[in-house]
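What follows is a set of notes on a single structure, which appears directly below.
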Amino acid sequence: ARVREFPSSGPPSEIADQPVSPAPSTGFEQGQPTRVTKTEATLKVGSKEVTATVLRLLYRDEAVGREHEDEAAWSTAVPALLEDSEWGGLVYRKTPAESVTLVDWGDGYTPLIH
């Protein structure tokens with residue numbers, strides 16, 4: 001990219017090259033969330049209703065004035081993806097770039113990731 005500054009008075013600056021690097025999938029580096037909100041909700045998954053912990057993580061990039069929110073719901077009634085997950089299984093996850101939603105699950109599931 002090329003950059004040129006136009007001051008309120010005086011001539012514009014020289015045109016300068018600015019390196020361009022691809023942005024992460026979220027649009028900016030996440031780091032630590034600015035705010036975390038934890039609530040309980042009853043969600044419908046297939047024919048079942050489950051109580052879930054909903055986590056909303058707000059990320060703010062003050063340098064460019066952008067923010068986005070990631071949201072995920074976890075339930076101990078849902079089979080866990082990881083063997084020792086204290087939150088239980090993933091019910092849904094929403095980010096600006098992607099969305100994953102559990103539609104149903106069956107009996108007899110054993111975690112394969114240890």
Side-chain angles (χ1 to χ4, degrees):
R2 305 194 93 182
V3 177
R4 186 175 196 180
E5 294 177 355
F6 293 91
S8 60
S9 64
S13 69
E14 295 292 320
I15 296 174
D17 288 325
Q18 181 179 15
V20 177
S21 58
S25 62
T26 59
F28 54 88
E29 294 295 329
Q30 286 187 345
Q32 292 294 319
T34 306
R35 183 178 68 223
V36 177
T37 307
K38 180 179 167 184
T39 58
E40 297 292 320
T42 301
L43 304 172
K44 190 159 177 77
V45 179
S47 61
K48 306 165 188 84
E49 285 193 356
V50 298
T51 301
T53 301
V54 179
L55 297 171
R56 289 183 179 88
L57 294 91
L58 178 71
Y59 294 93
R60 185 173 289 139
D61 186 346
E62 299 290 344
V64 294
R66 285 189 286 185
E67 67 180 30
H68 81 269
E69 187 176 72
D70 290 356
E71 183 176 330
W74 300 85
S75 175
T76 54
V78 174
L81 296 173
L82 301 173
E83 189 174 30
D84 296 327
S85 174
E86 68 179 272
W87 296 97
L90 181 66
V91 179
Y92 71 81
R93 180 169 188 254
K94 298 176 191 172
T95 70
E98 63 189 10
S99 176
V100 175
T101 303
L102 177 65
V103 293
D104 210 344
W105 75 91
D107 295 329
Y109 171 80
T110 304
L112 299 177
I113 303 171
H114 300 281

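These numbers come from the heavy atoms of this one structure, side chains and all, not from hydrogens, waters or symmetry mates. Quantities reported herein were computed from a predicted structural model and do not represent experimental measurements.
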Worked verdict on T95 versus H68 for side chain to side chain contact (heavy atoms under 4.5 Å, CB included)
CA-CA 8 Å; T95 70; H68 81 269; 5.6 Å; no
Apply side chain to side chain contact (heavy atoms under 4.5 Å, CB included) to V54 and Y92, showing your working.
CA-CA 9 Å; V54 179; Y92 71 81; 3.6 Å; yes
I would like to know whether K48 and V78 meet side chain to side chain contact (heavy atoms under 4.5 Å, CB included); could you show each step before the answer?
CA-CA 10 Å; K48 306 165 188 84; V78 174; over 6 Å; no
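By the criterion of side-chain heavy atoms lying less than 4.5 angstrom apart, applied directly or through intervening Ile, Leu, Val, Met, Phe, Trp or Tyr residues, W105 is grouped together with V91 in one hydrophobic cluster. If you chain together hydrophobic residues whose side chains sit under 4.5 Å apart, V50 and V103 never meet in one group.
Between P96 and D70 there is a side-chain heavy-atom pair separated by less than 4.5 Å. The shortest distance between side-chain heavy atoms of W87 and T76 does not fall below 4.5 Å. The closest side-chain heavy-atom distance from R93 to E98 is below 4.5 Å.
Here the CD-OG1 distance, from E71 to T39, works out to 7.5 Å after rounding to the nearest 0.5 Å. Here OH of Y59 is found 12.5 Å from CZ of R35. Values are rounded to the nearest 0.5 Å. A distance of 11.5 Å separates CD of E49 from OG of S75, quoted to the nearest 0.5 Å. Annotation: the span from D104 atom CG to K44 atom NZ amounts to 10.0 Å, rounded to 0.5 Å.
Remark: E14 CD is loosely packed, at most 12 non-hydrogen atoms of other residues, nucleotides or ligands lying under 6.0 Å away.
Salt bridge status for K94 with E69: absent, with no side-chain N to carboxylate O gap under 4.0 Å.
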